[in-house]
Amino acid sequence: MTNGEVAEVFERIAGLLEMKGEKSFTVRAYQRAARTINRLPSEAADMIARGEDLTAVPDIGRAIADKTAELVDTGRLDFLDRLLAEFPPGIPALMDVPGLGPKTTLRIWKELNVTDLDQLEAAIETGALASLPRMGRKSAENILRAVRYSRSKSGRLPISRALATARQLTGALVERCPDGINVIPCGGIRRFEEEVDEIVLVGVTSSPGIVLDAFSTLSGVANVVARQDTNATVELESGVNVTLSVVAPESKGAAILNLTGSSDHISLLSQRAAELGLKLSQRGLADRSSGAPETFPDEQSLYDRLGLPYMPPEVRQGRDEIAVALSGDIARLVDLYDIKGDLHAHTDWSDGRDPMIAMVQEAKNRGLEYIAITDHSSGRGIANGLSPERLLAHMSQVKEVEQEIGGIRVLRGTEMDIRADGTLDYSDDLLQQLDWVVASVHSAMGQDSTTMTDRIIAAMKNPHVSAIGHLSTRLIGDRKPIEADYDAVFRAAAVTGTALEINGSLERLDLKDLHVERALEFGAMLVISTDAHTTESLDNLDHGVRVARRALCKPVRILNTMPADEFDSWLRLDKTGRTVRLSAND
DNA sequence: GCCGTTTTCGGCCCGACTGTTTTCAGTCG
């Protein structure tokens, strides 16, 4: 069980206890613990396996440590099961609807007799919900939209959870196979799809039987769905299906290529193979007439054989990637090594975990030439946002840290709220003292498209707003994107010289690939940012790069591929002059 | 439920925003 899943359990417990009228301190203790576990630097399961004492972690005491151990060990929690038994079965789904908290859920249950989503929808349509005290037409509409969204949800696995689960399984499998095995997550995970249907693993080994036995009996496996000589599919306790295919080292190339997909990409390759008189399969290529097989130890050699350049997994979407590859453009897509700086990072001044100096040191260790420290503005009260006075102190600390670490430029920044009415959290006077201003929507996300579009464009028109953060505000699998005229926003971004962020946080990936494509068409400038709240999450740069590559984006379209000096001079340009780097041919 | 170390019991105690009100409850991160 991953930290995210453990945290969800404690959030659920907090909500249910609050409905029961439990002491607020108890409720908050569970909420705090959930947040802490979400931010642990390593998996709780691993820590427990290593014999570490979780009660040493702040906010985790005996009770929560024991419950975590039970969850990690068995995938269940007796305490939660007993708690759930006290409520109608539809209640948790109700509480998951954004806009419905414990108080409202309790009220609609007790007063309107609503205990599931269907009854909730009916209660909204009859106006019963809106008639409750402190509810009204607007609240009811927002909740109805959220209900419809949660119904339409695919039930697919968000990439963040898929990756965490795949990593955990891979680690456990390697540990169980002392003879050595190389496990590669393939399928949608490797292509960096934002949601996947199942987890696909490829194990490279010469002892398939032993590996498949170990796989079928890993902790967390609820049952074995299918088992053949070279693969097995299991269902995890979380309901997720995982398939492991085992291959011999000499066939690795064709196997991971086929199991990475996409199926559309593979069929394009098959056509290509057919033109060469070859047949493509999971084992490799075979001559169509003689049947003579060829195996490939890696993907590169297989692409070579087909007369194609290597294509990174994230572009294998079965669209026009082969043509793009043959034109030589695939090799010129943006790469992690092109990124010279990060322009969105938090510290413990607001809601980040680590001190500014640790974030900057880590950025330097990773070879970045610059980093913008963008803690939250005061509008984000709970994120410990910075008042104007604290922002001034923040700016001086940025300069002190820059001096102290040396060898990396540290930008005075902010992630500032765009308020519901389109005004900003800080005055122009304050903003002009900053090097880099990310403006983001964090509230009133249910506004209608026109209001929201106007709101964002108003922020872009401010001469000090450098970039718009996580434009759609979606959380993959959890929160739907805002409604807005995205094309109008992309156009305004290009006209005003405001950059659009590709937020590399796995929960967000925002802009998403399709929006990146569209933004590029409109000539908007992009930045790839981490939105890091911990030193480890500077990894998010890589995620952002993958999103950009899915949109076939080249380095020249990404601002933070500029070396520090060049970026410096660019920043000194008037905003409307900041489009010079781009041309339609890039 | 967590924490402390003047405590193993008693204190802890978010705050801005929205949508509802006409002074504020509930949600959210």
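Just so you know, these numbers use all the heavy atoms, side chains as well, and skip hydrogens, waters and symmetry mates. Letters A, B, ... mirror the listed sequences (proteins, then strands); counts begin at 1.
No side-chain N or O of S472(A) forms a donor-acceptor pair with one of K512(A) less than 3.5 Å apart. With 3.5 Å as the limit, one finds no donor-acceptor pair spanning the side chains of R412(A) and Q433(A). Using a 3.5 Å distance cut-off with no hydrogens or angles, the side chains of D531(A) and N540(A) do not pair a donor with an acceptor. A donor-acceptor contact under 3.5 angstrom links the side chains of N365(A) and Q361(A), judged on distance only.
With D59(A) as the partner, the salt bridge (charged side-chain N to carboxylate O under 4.0 Å, His left out) test is satisfied by one option alone out of R35(A), R32(A), R28(A): R32(A). Among R550(A), R508(A), R474(A), R156(A), the one residue that satisfies the side-chain hydrogen bond (donor to acceptor under 3.5 Å, both in side chains) test with E194(A) is R474(A).
Separation of the H442(A) and H470(A) ring centroids falls under the 6.0 Å cut-off.
On the C1' atoms, dT23(B) is 15 Å away from dT18(B), given to the nearest whole Å. Annotation: dG10(B) and dT6(B) have their C1' atoms spaced 14 Å apart (nearest Å). Separating the P atom of dT8(B) from that of dG4(B) is a span of 14 Å, rounded to the nearest Å.
For K138(A) and T26(A), each mapped to the nucleotide of DNA chain B holding its nearest heavy atom, the one lying further toward the 5' end belongs to T26(A). Both K67(A) and G136(A) sit near DNA chain B, but only K67(A) has its closest nucleotide nearer the 5' end.
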For residues 89-98 of chain A, which side-chain N or O atoms pair as donor and acceptor with protein atoms under 3.5 Å away, sequence neighbours left out?
residue, atom, partner, partner atom, Å
D96(A), OD1, R12(A), NH1, 3.2
D96(A), OD1, R12(A), NH2, 3.3
D96(A), OD2, R12(A), NH2, 2.9

Short N/O separations, protein against nucleotides 5-7 of chain B, under 3.5 angstrom:
none

For nucleotides 25-27 of chain B, list the nitrogen or oxygen atoms of the protein found under 3.5 Å from its nitrogen or oxygen atoms, one pair per line.
residue, atom, partner, partner atom, Å
dA25(B), O4', R134(A), NE, 3.1
dG26(B), O3', T104(A), OG1, 3.0
dT27(B), OP1, G101(A), N, 2.6
dT27(B), OP1, G101(A), O, 3.2
dT27(B), OP1, T104(A), N, 3.1
dT27(B), OP1, T104(A), OG1, 2.5
dT27(B), OP2, K103(A), N, 3.3

Show each protein N/O and nucleotides 2-4 of chain B N/O combination with a separation under 3.5 Å, one pair to a line.
residue, atom, partner, partner atom, Å
dC2(B), OP1, G61(A), N, 2.7
dC2(B), OP1, I64(A), N, 3.3
dC3(B), OP1, D59(A), N, 2.5

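Remark: ring of F25(A) overlaps the six-membered base ring of dC12(B) in a stacked fashion, centroids less than 5.5 Å apart, planes less than 30° apart.
Looking at heavy atoms from C-beta onward, V527(A) lies in side-chain contact with W436(A) at the 4.5 angstrom threshold. Between R353(A) and H346(A) the shortest side-chain heavy-atom distance does not fall below 4.5 Å.
Distance R28(A) CZ to dG15(B) P: 10 Å, rounded to the nearest Å. The distance between atom CE of M445(A) and atom P of dT18(B), rounded to the nearest whole Å, is 10 Å.
Taking only side-chain nitrogens and oxygens, S139(A) comes nearer than 4.0 Å to OP1 or OP2 of dT20(B).
Between E400(A) atom CD and M395(A) atom CE the span is 13.5 Å, to the nearest 0.5 Å.
By the neighbour-count criterion of 12 heavy atoms within 6.0 Å, atom CZ of R76(A) is sparsely surrounded, having that number or fewer from other residues, nucleotides or ligands.
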Q | Nucleotide pairing, DNA chain B (Watson-Crick or G-U, distances under 3.5 Å), in dot-bracket with [ ] and | | A | ((((....)))).((((((....))))))
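Under the ring-ring contact (aromatic ring centres under 6.0 Å, His included) criterion, H464(A) pairs with no residue at all, not counting sequence neighbours.
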